[in-house]
2 protein chains.
Amino acid sequence: MFQKIKPKKISDEVYEQIKSIILSGKLKPGERLPPERDLAVEMGVSRTSLREAIQKLEAQGFLYQVQGGGTFVKTITNGILDSAIEEFVKRDEAIFDLMEIRKILETWGAHTAAIRATAEEIDTMSRYLDEMREAKEKGQIGHISDANFHFAISYGTHNVMLIHLMKNLFYWIEKVSYEVRSRMYTNPESHEALFRQHTDIFNAISARDPERAYDAMLVHMHYIVGELKRIYKKK
Amino acid sequence: MFQKIKPKKISDEVYEQIKSIILSGKLKPGERLPPERDLAVEMGVSRTSLREAIQKLEAQGFLYQVQGGGTFVKTITNGILDSAIEEFVKRDEAIFDLMEIRKILETWGAHTAAIRATAEEIDTMSRYLDEMREAKEKGQIGHISDANFHFAISYGTHNVMLIHLMKNLFYWIEKVSYEVRSRMYTNPESHEALFRQHTDIFNAISARDPERAYDAMLVHMHYIVGELKRIYKKK
DNA sequence: AAAGTATTTTGGTATTACCAAAAAACCTTG
DNA sequence: CAAGGTTTTTTGGTAATACCAAAATACTTT
């Protein structure tokens, strides 16, 4: 019947505000919060109160801090994949299961982003695509822009759960197949093919063509899995 | 091989120490801790660090504070703050994010199980389908058999990651929409529709027809989401 | 261009001061 | 003396400042 009276403590209000920003998806996993000093000023509270709120959020698994580095948003889906990975005797055997899940989520993501993404979000995708082109022309790897491009697509779905899951998935794929994946970029043909695929995906999304976006992403995923299989066979 | 070096932060050490004192029973529920100022001196740390540790312990439900009163050990640990993922799923909007993910994974799961599932696995599915029929005829809910039926399908994909993901998804969905689901089963028409959908899914898988399995699962998912929307709109 | 070095940024801790609520001590009054 | 009200003290809550330590960045050197 009656509602509980709100928190009176300032640190609690700070806590609630940051929490809801994360849950609503305005702050995305892996993103960095403003420095404590700045954020405290922005919210009109002391650094002490802000830090107490952050401690709580950290204890709950929303944030983590690194001295000198900053304060970052954690994936709320932490621990789900972790327990699954442990079932594999050799960790890198998990890569194909992981890639299969990725294929499912990313194809849907591309399809849905073509429908739901805002102009701004599509703009972000194009920025990362440009970064990849520049990296390729300079002979650099550009795998960070690659990952960011895919994240940008997941943002376009507006499904907060999916955004966190994707981040989590990428973390493990990266961890499990780091050296293998970097080999893909060292081959110029491979690098060129990847860029072409990324361009196709972007064009389809930007043209608001869900089916084409889906297909383009599927081609991309199949290509990566094919390369992975090829490289693992050699070993 | 080697163990990760534990907490270096002072506030973490304070946190660990107080926590272990509580867990060991040296501090009993309801008891009051020494005043912050005294305790800080006793532990040889600043009041700031001590308070940050207390915030964490408060977030985890070990302590509570009252201004002017003191710091007390909690009697019951059910006042504990939920983990990040639980905070996420307990919001009304979250169920649709969850169901969207479930739709993606389950449609793929049905499609793939129609290809990969062994005869024994398909047999397991049919057993749970029978259970559901019996439950329906007896006027029982049978939601456990329902969940098991879906799990059996995910097992049929032979993808360990997917199996884990599905388990977690079901757990949260169950947690969030318990009363909603039970309402669906109490309506006889609804119950009948659900059973027909399950049967369609099973027939397609057992006939090794991936496309039909996919479509049947999609119908099932859309039906559930439709019901959810209808019920949530009422609220 | 690469590697090493210095500077800046950013979280972690300590100290001090003061506010606000609860608890304890004190006083007033019948 | 007892009951009720008032003042003081205790104790958590917030703010501000200073400095330390690790990471990130800018810079210099080779």
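Letters A, B, ... mirror the listed sequences (proteins, then strands); counts begin at 1. Scope of the values below: all heavy atoms of this structure, side chains included, with no hydrogens, waters or symmetry mates.
Note: CG (Asp12(A)) to C1' (dA20(C)) measures 16 Å, nearest angstrom. For the pair Leu33(B) CG and dT11(D) P, the computed distance is 12 Å after rounding to whole Å. Between the C1' atom of dG13(D) and the CG atom of Leu50(B) lies a distance of 13 Å, rounded to the nearest Å. Going from atom CG of Asp38(B) over to atom P of dT11(D) covers 7 Å, rounded to whole Å. In this structure, Arg47(A) atom CZ and dT9(C) atom P are separated by 15 Å, rounded to whole Å. A straight line from CD of Glu36(B) to C1' of dT9(D) spans 17 Å, rounded to a whole angstrom. Atom CD of Gln55(A) and atom P of dG12(C) are 7 Å apart (whole Å). Atom-to-atom, CG of Leu63(B) to P of dT11(D) comes out at 17 Å; the value is rounded to the nearest Å.
Of the candidate nucleotides dT15(C), dG12(D), dA15(D), dA15(D) has the atom lying nearest to any side-chain atom of Ile10(A).
Side-chain N/O atoms of Gln65(A) include one lying less than 4.0 angstrom from OP1 or OP2 on dG12(C). Listed pair Ser46(A) / dA15(D) meets the phosphate criterion, a side-chain N or O lying under 4.0 Å from OP1 or OP2. Distances shorter than 4.0 Å separate none of the side-chain N or O atoms of Ser11(A) from OP1 or OP2 on dG13(D). Note on Thr71(B): every side-chain N or O is 4.0 Å or more away from OP1 and OP2 of dT11(D). Phosphate proximity of dG11(C) to Arg51(A): absent, as no side-chain N or O sits under 4.0 Å from OP1 or OP2. The phosphate of dA14(C) has OP1 or OP2 within less than 4.0 Å of a side-chain N or O from Ser49(B).
Between the side chain of Arg37(A) and the base of dG11(C), at least one donor-acceptor pair of N or O atoms lies under 3.5 Å. Contact of Gln67(B) with dA22(C) (side chain to base): no donor-acceptor pair of N or O atoms is detected under 3.5 Å.
Residue Glu52(B) is the one, among Arg32(B) and Glu52(B), whose nearest nucleotide of DNA chain C lies closer to the 5' end (criterion: closest heavy atom). In terms of position along DNA chain D, the nucleotide closest to Pro34(B) lies nearer the 5' end than the nucleotide closest to the other residue of the pair Phe72(A) and Pro34(B).
Within the 4.5 Å cutoff, no side-chain heavy atoms of Glu106(A) are placed close to those of His220(A).
Contact annotation for Thr48(B): base contact, defined as any heavy-atom pair under 4.0 Å involving a base atom.
Side-chain atoms of Gln55(A) and Tyr15(B) include no donor-acceptor pair closer than 3.5 Å. A donor-acceptor pair shorter than 3.5 Å cannot be found between the side chains of Tyr171(B) and Lys167(B).
With Phe151(A) as the aromatic partner, Lys28(A) does not meet the cation-pi criteria of under 6.0 angstrom to the ring centre and within 45 degrees of the ring axis.
Considering CG of Leu105(A) and CD1 of Ile101(B), their distance stands at 6.5 Å, rounded to 0.5 Å.
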